[in-house]
S.K.: 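Following this message is one structure expressed as structure tokens.
Atoms considered below: every heavy atom in the structure, side chains included; atoms not considered: hydrogens, waters and symmetry mates. The shown structure was predicted, so the numbers you read here are calculated from the model rather than taken from an experiment. In what follows, chains are A, B, ... by sequence order, proteins preceding strands, each numbered from 1.
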Amino acid sequence: MRRLLRRAELARNADVVAPFLLNKLLAAGECVGRIVEVEAYMAMDPASHSFRGRTNRNAVMFGPAGHLYVYFTYGMHHCANVVTGGAGDGQAVLLRAIEPVAGIDLMIERRGRKAHLTDGPGKLCQAFDIDLAGNGIDLCRAGPIALFDDGVAPPTNPARSPRIGIRVGVDTPWRFTVAD
DNA sequence: AGAGTGATGGGCT
DNA sequence: GCCCATCACTCTT
């Protein structure tokens, strides 16, 4: 049994939605994967793209929860986020790692290797073919990219640790990981 | 397993 | 100009 995530489930603070998203499914075309590592980016969070206010790049973060915020970084990678919180407060959850479930052959083809297909934010975007064209997509509706619950509960005690690759906000344990 | 590093381009002060 | 919410390759323990 598989159902789309409801917007109300995502319209909460990012540090609540982040552990909630663990073990949920991301589907893009024929590719499906189980979310196993995420990071929360809060309102008034100096590490968040939304911290310095709304720009063309981060505009989706200030829109309604449940939409996909994609950005391009380091000149070659895309990263995928789920917008959370109340509309306008600029919160999101970064998808850091996913366990491949379906469409693995296509992921291998896109990644050009058979291992480490989706164990990083840039890697999973390449495997799922997520780029700026997907920025703003509603993940709570049937469409090219969507989020599903297939009945697997989030871990009761996910590992919490500091976020990665940021200079500020290192003191807050807003990275959530499924054990193993 | 871990450290060092080059690639590469849009966004912002 | 400078800064990245990165990756993969290389060399070293």
Side-chain angles (χ1 to χ4, degrees), chain A residues 10 12-22 24 26 28 31 33-63 65-85 88-100 104 106-137 139 145 147 158-180:
Chain A
L10 303 174
R12 298 176 286 168
N13 284 343
D15 62 341
V16 174
V17 175
F20 167 81
L21 283 175
L22 294 177
K24 297 296 186 290
L26 176 71
C31 294
R34 193 172 300 284
I35 298 168
V36 295
E37 181 179 341
V38 296
E39 284 178 359
Y41 286 87
M42 305 291 287
M44 306 305 293
D45 176 353
S48 174
H49 286 178
S50 64
F51 185 64
R52 290 168 219 283
R54 175 176 177 147
T55 64
N56 282 334
R57 177 206 201 191
N58 63 23
V60 172
M61 284 190 83
F62 292 90
H67 287 246
L68 179 67
Y69 167 47
V70 181
Y71 65 87
F72 180 74
T73 193
Y74 294 110
M76 55 185 89
H77 299 294
H78 296 276
C79 292
N81 303 252
V82 179
V83 176
T84 76
D89 58 5
Q91 299 189 56
V93 172
L94 170 68
L95 303 182
R96 280 202 65 87
I98 281 177
E99 180 183 289
I104 296 175
L106 187 51
M107 297 184 199
I108 291 171
E109 182 183 327
R110 287 171 176 157
R111 296 274 298 120
R113 68 198 59 241
K114 55 188 195 299
H116 301 290
L117 295 176
T118 55
D119 58 347
K123 302 180 201 180
L124 72 89
C125 281
Q126 186 180 18
F128 279 73
D129 195 29
I130 295 173
D131 58 20
L132 291 177
N135 192 34
I137 283 179
L139 299 167
I145 309 175
L147 286 171
R160 294 179 63 125
S161 46
R163 293 170 295 180
I164 291 178
I166 53 175
R167 305 177 63 98
V168 290
V170 179
D171 48 322
T172 45
W174 286 337
R175 173 178 176 227
F176 300 85
T177 315
V178 175
D180 302 338

S.K.: So L10(A) and F20(A), do their side chains get closer than 4.5 Å, heavy atoms only?
M.R.: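 In short, these two side chains touch, coming nearer than 4.5 Å.
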S.K.: Using a 5.5 Å cut-off between ring centres and planes within 30 degrees, is Y74(A) stacked on the base of dA7(B)?
M.R.: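 Taking the rule of under 5.5 Å and under 30°, the ring of Y74(A) does not stack on dA7(B).
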S.K.: Between R167(A) and dC4(C), is there a side-chain N or O to OP1/OP2 distance below 4.0 Å?
M.R.: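 Affirmative; the distance criterion is met.
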S.K.: OP1 or OP2 of dC12(B) less than 4.0 angstrom from a side-chain nitrogen or oxygen of T55(A), does that happen here?
M.R.: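 For dC12(B), OP1 or OP2 has a side-chain N or O of T55(A) closer than 4.0 Å.
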S.K.: Do L147(A) and L21(A) have side chains that approach each other closer than 4.5 Å (heavy atoms only, starting at C-beta)?
M.R.: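 They are in side-chain contact.
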S.K.: Is there a side-chain contact between I130(A) and L68(A), using heavy atoms and a 4.5 Å cut-off?
M.R.: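 In short, these two side chains touch, coming nearer than 4.5 Å.
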S.K.: I need the N58(A) CG to Y69(A) OH distance, nearest 0.5 Å.
M.R.: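 Nearest 0.5 Å value for the CG-OH distance: 5.5 Å.
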S.K.: Calculate the interatomic distance between R54(A) atom CZ and dG11(B) atom C1'; express it in whole Å.
M.R.: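 Distance, rounded to whole Å: 16 Å.
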S.K.: Specify the residue among L132(A) and H77(A) whose closest nucleotide of DNA chain B lies further upstream toward the 5′ end.
M.R.: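 Mapping each residue to its closest nucleotide by heavy atoms, the 5'-most match is H77(A).
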S.K.: Measure from the side chain of Y41(A), starting at C-beta and using heavy atoms only, and say which of dC12(B), dA5(C), dT8(B) lies closest.
M.R.: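 The listed nucleotide nearest to Y41(A)'s side chain is dA5(C).
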S.K.: Within less than 4.0 Å of OP1 or OP2 of dC9(C), is there a side-chain N or O belonging to R113(A)?
M.R.: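 Yes, within the criterion.
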S.K.: Of all the choices, dC12(B), dG9(B), dA8(C), which nucleotide is nearest to the side chain of F72(A) once you look at every atom?
M.R.: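 Between dC12(B), dG9(B), dA8(C), the one nearest the side chain of F72(A) would be dG9(B).
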S.K.: In the structure shown, which nucleotide is the Watson-Crick or G-U wobble counterpart of dT8(B), with both distances under 3.5 Å?
M.R.: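 Its partner is none (no Watson-Crick or G-U wobble pair with both distances under 3.5 Å).
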S.K.: Return the nearest nucleotide to the side chain of P121(A); candidates are dT6(C), dG11(B), dA7(B).
M.R.: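 So the nucleotide nearest the side chain must be dT6(C).
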S.K.: K114(A) has an atom NZ; how far is it from atom P of dA8(C), in whole Å?
M.R.: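 Rounded to whole Å, this separation is 14 Å.
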S.K.: Quick one: M76(A) CE to dA8(C) C1', roughly how many Å, whole number?
M.R.: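 Between C1' of dA8(C) and CE of M76(A): 10 Å.
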S.K.: Using whole Å, what does the distance between atom P of nucleotide dT8(B) and atom OH of Y71(A) come to?
M.R.: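 Interatomic distance, OH of Y71(A) to P of dT8(B): 20 Å.
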S.K.: Hey, does R163(A) reach any base, or is it just sugar-phosphate, or nothing, if we go heavy atoms under 4.0 Å?
M.R.: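 Touches nothing.
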S.K.: When you match K123(A) and I164(A) each to their closest nucleotide on DNA chain C, which lands nearer the 5' end?
M.R.: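 Its nearest nucleotide lies further toward 5', so the answer is I164(A).
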S.K.: Can you tell which of dT8(B), dT13(B), dC7(C) lies closest to the side chain of R52(A)?
M.R.: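 The listed nucleotide nearest to R52(A)'s side chain is dT13(B).
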S.K.: Does a donor on one side chain sit under 3.5 Å from an acceptor on the other, for R110(A) and Q126(A)?
M.R.: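 Q126(A) and R110(A) do not have a side-chain donor-acceptor pair below 3.5 Å.
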